[in-house]
Amino acid sequence: MFIDMFNGWYFFWLILCSGATAGLYFLLRNKSTFLQKTVLFGLLVVGLLLHFLKVYIPPYSVDEARMLRDSWFVNICGANIALFPFFFFSKNERIRDYMFYIGVISGLIALFYPQEPIAKVDQYAEQLDIVRFYYHHWMVMAVPMLMVLFGHHKLSYKRVLAAPTGLLLVMLFIMLNQIFQSEMGFIPLRDRGNFFGIDYKNTSYIWGPGTNDAIGNFLAIFTPKVFKTVPVGEFAGQLKYWPWFWLIVPVYVLVTPLSLLLTAVFNPKSVKAGLNKVKGYKKEKKHALASK
């Protein structure tokens with residue numbers, strides 16, 4: 001099994017993940033709510049267990065430093081793997097909104113652009129980890145999607161900001177996670193020598209866009225200049241992305257419309273109601289101006 005963009009194995013996994021999602025939908029759509037929730041929660045629990053069990057397979061089992069480092073929740077999908085089993089039964093609609101929007105968006109991005117498997121030096125020696133990668137990223141996408149399709153949660157255009165806000169909070173968690181890892185010795189501390197090292201343990205773009213990284217550089221287009229410059233000190237004025245802060249504007253600008261688009265797909269009545277309100281407001285304002 002060798003995965004590259006648009007080769008046979010690339011499409012094999014896309015078809016398998018799509019088929020598994022559709023298969024679960026048709027298998028469970030007429031079943032009881034209890035059974036539906038049990039199956040979906042079970043998939044999340046398996047994903048959480050698999051996150052820790054990966055230490056027994058390459059590359060983690062043959063690299064102790066990486067095993068200790070990556071057993072933490074060091075990226076967005078990793079954090080979601082830890083959080084989703086708890087979010088699944090939450091009564092808070094915004095938490096479940098985050099679960100749907102970010103789960104679907106991040107899962108689809110990973111499946112259509114499987115950067116981690118492609119970047120592996122020896123895919124043949126790490127095939128089990130590739131299977132784990134696809135299960136995890138399919139799971140964070142499929143479970144929230146099926147949760148909405150089965151009617152366990154209803155989307156609303158009024159709550160789309162839950163997606164970017166929740167994502168930024170998770171990214172803050174990832175950054176704090178890395179700081180704790182450094183302080184406890186799991187990864188080396190940052191020092192003067194790597195102050196400008198964007199690629200230094202840069203999971204989920206916390207420290208800035210990666211070198212020659214098309215996605216990161218695209219995000220940086222929306223970042224205000226103030227968050228790209230050292231404000232004071234001996235390096236004042238030099239290019240330096242503020243950790244986490246540089247992502248605030250790009251996340252709101254990009255994730256909000258994507259969330260609204262997903263709402264239009266999975267609950268078009270909500271978006272239609274919102275558009276009608278906007279039209280009604282414009283009509284009232286026009287009428288008020290005309291009557292003056």
Side-chain angles (χ1 to χ4, degrees), residues 1 3 6-54 57 76-114 116-117 127-156 159 162-163 166 258-259 261-271:
M1 178 171 61
I3 298 168
F6 310 120
N7 72 356
W9 281 108
Y10 170 89
F11 288 108
F12 167 81
W13 284 106
L14 281 182
I15 293 169
L16 181 63
C17 291
S18 301
T21 307
L24 277 174
Y25 172 74
F26 288 111
L27 185 66
L28 296 173
R29 63 175 177 171
N30 294 321
K31 304 300 182 182
S32 67
T33 299
F34 175 78
L35 180 61
Q36 291 172 349
K37 288 186 175 181
T38 300
V39 172
L40 296 182
F41 180 68
L43 294 173
L44 295 176
V45 171
V46 169
L48 183 57
L49 292 174
L50 192 58
H51 173 80
F52 293 108
L53 291 174
K54 70 183 182 182
I57 62 174
I76 294 168
C77 286
N80 288 339
I81 289 165
L83 295 171
F84 277 14
F86 303 97
F87 286 179
F88 186 74
F89 291 107
S90 173
K91 301 298 183 183
N92 188 305
E93 291 183 322
R94 285 176 173 79
I95 287 178
R96 288 162 71 84
D97 284 334
Y98 165 84
M99 185 177 176
F100 173 81
Y101 291 125
I102 302 304
V104 172
I105 292 171
S106 63
L108 287 176
I109 290 174
L111 293 175
F112 279 97
Y113 182 41
E116 184 179 328
Q127 291 188 34
L128 287 177
D129 191 52
I130 291 175
V131 174
R132 176 209 59 79
F133 168 88
Y134 275 100
Y135 178 82
H136 272 151
H137 292 88
W138 167 77
M139 178 200 77
V140 298
M141 177 274 298
V143 171
M145 183 181 292
L146 291 170
M147 179 181 75
V148 169
L149 289 173
F150 290 146
H152 303 162
H153 177 63
K154 197 168 186 177
L155 302 172
S156 171
R159 300 193 305 268
L258 284 175
S259 301
L261 177 61
L262 285 172
T263 305
V265 172
F266 288 89
N267 189 10
K269 289 182 180 179
S270 174
V271 175

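Numbers here simply count residues along the sequence, with the first being 1.
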Under the ring-ring contact (aromatic ring centres under 6.0 Å, His included) rule, collect the residues that match up with Phe52, sequence neighbours excluded. Phe73
Heavy-atom pair of closest approach, residues Tyr101 and Ala163: CB-CB, 3.6 Å
Pairing residues for Leu83 by the side chain to side chain contact (heavy atoms under 4.5 Å, CB included) criterion, not counting sequence neighbours: Phe87, Val170
Contacts of Ile15 meeting side chain to side chain contact (heavy atoms under 4.5 Å, CB included) (sequence neighbours excluded), chain-then-number -> none
Quick test of your reading: applying salt bridge (Lys or Arg N to Asp or Glu O under 4.0 Å), list the pairs with at least one residue in residues 32-54, sequence neighbours left out, ordered by first then second residue. none
CG on Leu128 to CG on Leu53, rounded to 0.5 Å: 12.0 Å
In Å and rounded to the nearest 0.5 Å, what is the CG to CG distance from Leu16 to Leu111? 10.5 Å
Do Met147 and Met99 come within less than 4.5 Å of each other through their side chains, counting heavy atoms only? yes
Euclidean distance, Ile109 CD1 relative to Ile76 CD1, rounded to 0.5 Å: 8.5 Å
Restricting to side chain to side chain contact (heavy atoms under 4.5 Å, CB included), what partner residues turn up for Val45, sequence neighbours left out? Phe41, Leu49
What pairs with Phe34 under ring-ring contact (aromatic ring centres under 6.0 Å, His included), at least two apart in sequence or on another chain? none
Heavy-atom neighbours of Phe112 CZ exceed 12 at 6.0 Å: no
Please determine whether side chain to side chain contact (heavy atoms under 4.5 Å, CB included) holds for the pair Phe12 and Ile3, giving the CA-CA distance in whole Å, both sets of side-chain angles, and the decisive distance to 0.1 Å. CA-CA 10 Å; Phe12 167 81; Ile3 298 168; over 6 Å; no
Under a 4.5 Å cut-off applied to non-hydrogen side-chain atoms, are Tyr135 and Leu43 in contact? yes
Listed partners of Glu116 passing side chain to side chain contact (heavy atoms under 4.5 Å, CB included), at least two apart: Tyr60, Lys120, Asp129, Arg132, Phe133
Would you say the side-chain atoms of His136 and Asn80 include a donor-acceptor pair closer than 3.5 Å? no
Kindly indicate, with the supporting measurements, whether the criterion side chain to side chain contact (heavy atoms under 4.5 Å, CB included) is fulfilled by Leu50 and Ile81. CA-CA 10 Å; Leu50 192 58; Ile81 289 165; over 6 Å; no
On the 0 to 90° scale, with breaks at 30° and 60°, tag the Trp13-Tyr134 ring pair as parallel, tilted or perpendicular. parallel
Check Phe266, Phe88, Phe84 against Phe100 for a ring pair (Phe, Tyr, Trp, His ring centres under 6.0 Å) and give me the one that passes. Phe266
If you look only at pairs with a residue in residues 80-94, which of them pass as a salt bridge (Lys or Arg N to Asp or Glu O under 4.0 Å), with sequence neighbours excluded? Glu93-Arg159
Residues 139-146 side chain polar contacts: donor-acceptor under 3.5 Å, at least two apart:
none

Heavy-atom closest pair (Ala82 atom, Pro85 atom, distance to 0.1 Å) is O-CD, 3.6 Å
Residues in ring-ring contact (aromatic ring centres under 6.0 Å, His included) contact with Tyr113, at least two apart in sequence or another chain: none
Could you tell me how the ring of His152 sits relative to the ring of Phe150: parallel (under 30°), tilted (30 to 60°) or perpendicular (over 60°)? tilted
Determine all donor-acceptor pairs shorter than 3.5 Å in which one atom belongs to a side chain in residues 17-32; sequence neighbours excluded.
{"residue": "Ser18", "atom": "OG", "partner": "Leu14", "partner atom": "O", "Å": "2.8"}
{"residue": "Thr21", "atom": "OG1", "partner": "Cys17", "partner atom": "O", "Å": "2.9"}
{"residue": "Thr21", "atom": "OG1", "partner": "Trp138", "partner atom": "NE1", "Å": "2.9"}
{"residue": "Ser32", "atom": "OG", "partner": "Leu35", "partner atom": "N", "Å": "3.1"}

Can you list everything that forms a side chain to side chain donor-acceptor pair (under 3.5 Å) with Ser259? Sequence neighbours excluded, please. none
